[in-house]
Number of protein chains: 4
Amino acid sequence: MDFGYDETTERLRERLLRFMTECVHPAEPVFDQQAQERDDPWAVPPIVTELQAEARRRGLWNLFLPGEHGAGLSNLQYAPLAEITGRSPGLAPVALNCAAPDTGNMELLALFGSAEQRERWLTPLLQARIRSAFAMTEPAVASSDATNIATRIARDGDEYVVNGRKWFVTGAMDPRCEVFIVMGRTDPAAPRHRQQSQIIVPRDTPGVTVRRGLRTFGYDDSDHGGHAEIDFVDVRVPAGNLIGQEGSGFAISQARLGPGRVHHCMRLVGMAERAVELMCRRVSDRHAFGGPLAAQGVIRDWIADARVRLEQARLLVLKTAWLMDTVGNRQAHSEIQAIKIVVPETAQWIIDRAIQAHGAAGVSQDTPLARLWARARALRLADGPDEVHRQSLARRELRRHQPRAASPV
Amino acid sequence: MDFGYDETTERLRERLLRFMTECVHPAEPVFDQQAQERDDPWAVPPIVTELQAEARRRGLWNLFLPGEHGAGLSNLQYAPLAEITGRSPGLAPVALNCAAPDTGNMELLALFGSAEQRERWLTPLLQARIRSAFAMTEPAVASSDATNIATRIARDGDEYVVNGRKWFVTGAMDPRCEVFIVMGRTDPAAPRHRQQSQIIVPRDTPGVTVRRGLRTFGYDDSDHGGHAEIDFVDVRVPAGNLIGQEGSGFAISQARLGPGRVHHCMRLVGMAERAVELMCRRVSDRHAFGGPLAAQGVIRDWIADARVRLEQARLLVLKTAWLMDTVGNRQAHSEIQAIKIVVPETAQWIIDRAIQAHGAAGVSQDTPLARLWARARALRLADGPDEVHRQSLARRELRRHQPRAASPV
Amino acid sequence: MDFGYDETTERLRERLLRFMTECVHPAEPVFDQQAQERDDPWAVPPIVTELQAEARRRGLWNLFLPGEHGAGLSNLQYAPLAEITGRSPGLAPVALNCAAPDTGNMELLALFGSAEQRERWLTPLLQARIRSAFAMTEPAVASSDATNIATRIARDGDEYVVNGRKWFVTGAMDPRCEVFIVMGRTDPAAPRHRQQSQIIVPRDTPGVTVRRGLRTFGYDDSDHGGHAEIDFVDVRVPAGNLIGQEGSGFAISQARLGPGRVHHCMRLVGMAERAVELMCRRVSDRHAFGGPLAAQGVIRDWIADARVRLEQARLLVLKTAWLMDTVGNRQAHSEIQAIKIVVPETAQWIIDRAIQAHGAAGVSQDTPLARLWARARALRLADGPDEVHRQSLARRELRRHQPRAASPV
Amino acid sequence: MDFGYDETTERLRERLLRFMTECVHPAEPVFDQQAQERDDPWAVPPIVTELQAEARRRGLWNLFLPGEHGAGLSNLQYAPLAEITGRSPGLAPVALNCAAPDTGNMELLALFGSAEQRERWLTPLLQARIRSAFAMTEPAVASSDATNIATRIARDGDEYVVNGRKWFVTGAMDPRCEVFIVMGRTDPAAPRHRQQSQIIVPRDTPGVTVRRGLRTFGYDDSDHGGHAEIDFVDVRVPAGNLIGQEGSGFAISQARLGPGRVHHCMRLVGMAERAVELMCRRVSDRHAFGGPLAAQGVIRDWIADARVRLEQARLLVLKTAWLMDTVGNRQAHSEIQAIKIVVPETAQWIIDRAIQAHGAAGVSQDTPLARLWARARALRLADGPDEVHRQSLARRELRRHQPRAASPV
């Protein structure tokens, strides 16, 4: 047992921290300025492309992706790097081409895509020439239960025909988003976890209509491409666009979500770290009732609890990453669910205390806190609400404590 | 002891509920539509003026104001009515001319304004011909400690000269907002609670600059006039604009905040009631894992806790109103602080559970929940953060348990 | 709506407070001394009988019982008196002959007992000549689901034969406890809430064995007669011992528990008040790190939260009592469940903070706090665990928000 | 970074788990039986000595002690073993001679004791021939502030004279406890952390009076030697009994508490694991409302949260142990405080849920849960209340975020 980062990680952390200080943080006000001045509210401010070029130059590119296509890091090595990008979640992940949902889509294509699919879509994604989205959630049903998915993907000759409505398709409002991976039912009569398939639908296919952007609290989240509501009406794509086999949609989705959750969670740790830092600075600077706010016992309690909760959350994320590397995503399932449950909640609590320590400024646009909070809150619903993960984790725990059946000889 | 509403209250509740059903709720989508179509993002949608006319016709006008100028209700009679308006907090209070911050300002002018001040400002406010704002919080200092207020109000001949920067001046982005009541220091050498005064500053006075609107969790809150940052640079107003005596600013402010907090709290009860209703309907309609969400134990737990917490919060608000009526605002100080502490937190918790029960829709613009949540959250900072009230309430509680000193003779 | 106590209540509160100061609190150390010196650990210290005589002399007797048999108070009038007795929960309720479980049993006999049953058992109970117990919970099944009750009550000629094991029969270790009311199944084939009956079993009936006393967090609770485990083996009692009709056991039990819960809850409010008082005194007296503990912000937070939570809990208890008086126990069902859920939890939280403020002394026998805490904790399980009440309350709330079915004609 | 245990740890874990299964758990009912039958309530049941002999035979002895005197394990190696002993906290630690407070005292003597002191006291302690206690807390002052300590240790010729009253001297009610290490002030005029010294006082020294055992909740904690209140009146011991230098008492105490806290915390992890196991079994076995309790969503939520919180707590304890091994106790100070804050609270929460899942049995003597809970609760006060640690941890966190002063050169 060893709690120190390895050399590769330390080296990359240093390089990334330098990039954050020299490039990302200075770019934040530029981004805001450019965002305010753009005509199309979904256009990507040019500073993003500049940051991407610089990150690539510095060898900070596609760090999330194991194997030949990416930087080849393990989950455990990537986790502390993802954390650092969480300190500027609107800019840093995209600068490194490590932003959701593209990361999950790239991983999916790398693992399950055909050679043709990889050539056509993975290559430009790895180069950040295009972006992508993942269309799973539907407005009309509780999508946390995958068997509720109503979108149909029906074979018709050499094509599949897609019909349905999706929403909260994150990233799809970004004009550079050229492709959607759509989850739907190919065989409603199959066993419940064999009914679904995933298929690639280019954005410009006839029958695809991006209807509007959804908001989270008051934010349009244009910094990560918004969240679209999309209609698919008799959308025809070649049969070769299907990912994997018919009926493999649920399994692929499980595989895709694992690393995605770890990335989200590690970034949340970074977001919470930034909140702690902002809180500590604020309460040291502000004075009331005869001293700095930092002298008040209640505020110190927040700080202590923030630190204690954050350390625990980070360790669990790291251990989860280690398990994924050593025993595989499947065996790490309970831990992946555990961090999905606890990390957004922890980050949210910490950011909330930082908001409170800032007074009215905390809820305003003058600090990143309110926006960080909204992001953390939304992640308690993304990839299924916490409650679903709790029930599933508990089922496994209960099984562990069952009296074992007598083993035959 | 009697927990039933009196006849006047019952009669007005019935009338108001009918107004909500017949006019306010149907107006909600109209308001949103008009808001989206306006050119000036701060312009007031015309439906508001129509609702005001209708409310006045129905005898639902200025209900908040006791005494001759208003409807003459007691706090206890008004509280259940304010609760009902909380079910549509962006429309109902303003429709009845019972919206903050005008209510507090009208009460202040009615109690402490000179005849001339009342004639010039109270009369048009009572008729909803203009709106007003209250400029207390400053960006540069912890304003919860009134002695930190840095804005200067300096006598110069027949005039006062105001210099300072205020922010979170709620309502001031509304183009109809014609007047600010500004808190500042007239005598920095006086005892700490005698340094401040309040003064009336018309919006069009030279030297007044409304710089921008502040946001709360991404929302511009244009439905209640936004929150402005305002510069006052050598702003000159006649000496007669001072409210009350020099040095009375702190005392007036305390008097102003009392009823305001009760109104906020009672509306929060209504906001929470709406959240419970939306949650119950949603979980009855949605199905997952073989049944309606309403069949899940965890969700039932939320509903039960929501009901239990809400009942308690309402009772404490009502008792506080009763105390204000029977022993006066001063004697009800601890209870006023108590509801300021507990009601926003309770409402926030309940709305958060309703959000979670709605899944992604809960954080989006498709339900009122995310916006209600942001409003409740912001109220934990408005009028001073919870923490200040807790400390003060505890001091009083501690004094109650002191061994009493021997009373002389 | 009126939050003041009526005259009768005020008069009795004053009288009772005097009794507490003059008699009960001074008796507390005497009780502990006598308890320590007794040979039989279940014997009742003689000071109890003295207190009972004095209470009776002062007109403080059977206050809990409405109607002709008791003091004739309403629930709303009794509630604030029960609260006061909660400040010394081991002595005051029994001194006034208002202690559980006798109160519930007396009420049950008054309402449902035959003339003979009342004569034989109610009369001596009203005079505190004997005590009684209520045997419902069983060790082998989850008794919160009444249909799980396994004890059999079988008719055999002119007798009923009782077989089963009960536990947590509160009060039954007291040697003066002469009678048990036993819940069991008379007809396992009947509809689920018509299977049970209640029957009177004198302690000295052959086949009754009191096996041992159960403990709560190390305490034997001998001050309220302990909690017995009792075996009933072929116990024969006359058929006339059945209370009400066969099959009415569940209904009687519901009726019995209503007032009992309100009494428990109101006493818990008093227990919490005592904890607040002890906490405030302690933190004013103790010094650390340069000042009294009372100057520390965190401790003030506890005090403020304690006050805010306690006020809300009390109001809900009082409103529940008022509803029971005005619309009846059945219509007050949700509120009765609400206080069952929230009041023990609130008291427990407050007492825990008082313990923490006392340091090691708080968990020891040198303050009443640890014992008060254990009592509050146990009440989250007595009469069914909180969870059962939450589910039931939520079901009712959900029904309230259902779209109403079209009414016929 | 590596989250696997090393080989030594795995080997010892296996050996210890076998000892638990084969010896400790079977001894639990024997211990209870012998405890009930003993005449002296503080006498140690003979099964304890038998277990010790067996543990020694199996090479499971003094595992806590690094260096030549003990088993030579690192903190990181010992932590998972201590966790296992926590599953039977009244028997396993003492069986391995790894029970508080002897562990801390042995460590202290090994590090700071003179050769003579080690010979006289450390040797028999290492062999479990005697036991020891640590007398720090005083009833009259808030002992969490070390400068409050009032006990005097005054030099008089070749002797020191000790005067003062201590309490919560854990272990001192055990008749085998032959020696106390007493903390007192040698120089009240010295700087605040140089006033205290520690001195060895044999129990049979004239002037020492063990007055009584304190309880925690209703438990006398005789399984770990109770908690004594002790008077020291003109107690004379040779000057050579002083540990280290005059004025080093505070520093020694800090050194002593570090490993002690980690041991406590790791055992708490084991206590919580046992609670999870008992809870899971119970809810699988019990049925209500048509199914096992394990099918209820609320109970699954408890189980999920228990697992998530427990994993996090364990990781933080292990990391703290690793830091102590790699950078030293001083540099691990914040982490030591962090686990002191979070682990008892986590264990307490989990045990409380297990209690609730057990219904009335949970608070009784029929499961170990209520006792485990009381132990966890008391640990939130032992070694200083949580609040003191929170304030101190926050101070350090605040310093980390200070703008650094310009470094010279």
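Throughout, a chain's letter reflects where its sequence line sits, starting with A, and its residues are numbered from 1.
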Taking atom [atom1] of [X] and atom [atom2] of [Y], what is their separation to the nearest 0.5 Å?
X	Y	atom1	atom2	answer
E311(C)	L315(B)	CD	CG	11.5 Å
T346(C)	Q312(B)	OG1	CD	5.5 Å
E397(B)	M279(C)	CD	CE	8.0 Å
R399(C)	C280(B)	CZ	SG	12.0 Å
L316(B)	L316(C)	CG	CG	11.5 Å
D2(B)	D325(C)	CG	CG	11.5 Å

> Measuring heavy-atom distances to chain B, does A313(C) have an atom under 4.5 Å in its side chain, in its backbone, in both, or in neither?
Replying inline: both
>> Among D6(C), T9(C), L76(C), exactly one meets side-chain contact (heavy atoms from CB on, under 4.5 Å) together with M1(B). Which residue is that?
In response: L76(C)
>> On a heavy-atom basis, which atom in A304(B) and which in A394(C) lie closest, and how many Å separate them?
In response: N-CB, 4.1 Å
>> I need the minimum non-hydrogen distance between S284(B) and L398(C), along with the two atoms involved.
In response: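 That would be OG-CD2, 3.9 Å.
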> Does CZ in R330(C) sit with more than 12 non-hydrogen atoms of other residues, nucleotides or ligands closer than 6.0 Å?
Replying inline: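 Count not over threshold, so no.
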> If we only count heavy atoms from C-beta on, is the R307(B) to R400(C) side-chain gap below 4.5 Å?
Replying inline: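 A side-chain contact exists here, since the closest heavy-atom pair is under 4.5 Å.
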> Is there a side-chain contact between R300(B) and R390(C), using heavy atoms and a 4.5 Å cut-off?
Replying inline: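 Side chain of R300(B) against side chain of R390(C), heavy atoms only: no contact under 4.5 Å found.
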> Is a side-chain donor or acceptor of Q391(B) paired with a backbone partner of G297(C) at a separation under 3.5 angstrom?
Replying inline: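 Between the backbone of G297(C) and the side chain of Q391(B) there is a qualifying donor-acceptor contact (under 3.5 Å).
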> Given that the side chain runs from C-beta out, which part of L318(B) has a heavy atom under 4.5 Å from chain C: side chain, backbone, both or neither?
Replying inline: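 Both backbone and side chain.
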> Of the backbone (N, CA, C, O) and the side chain (C-beta and beyond), which part of A295(B) lies under 4.5 Å from a heavy atom of chain C, both, or neither?
Replying inline: neither
>> Once you measure the plane-to-plane angle for F3(B) and F3(C), does it fall in the parallel (<30°), tilted (30-60°) or perpendicular (>60°) bin?
In response: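 The arrangement is perpendicular - the two ring planes meet at more than 60°.
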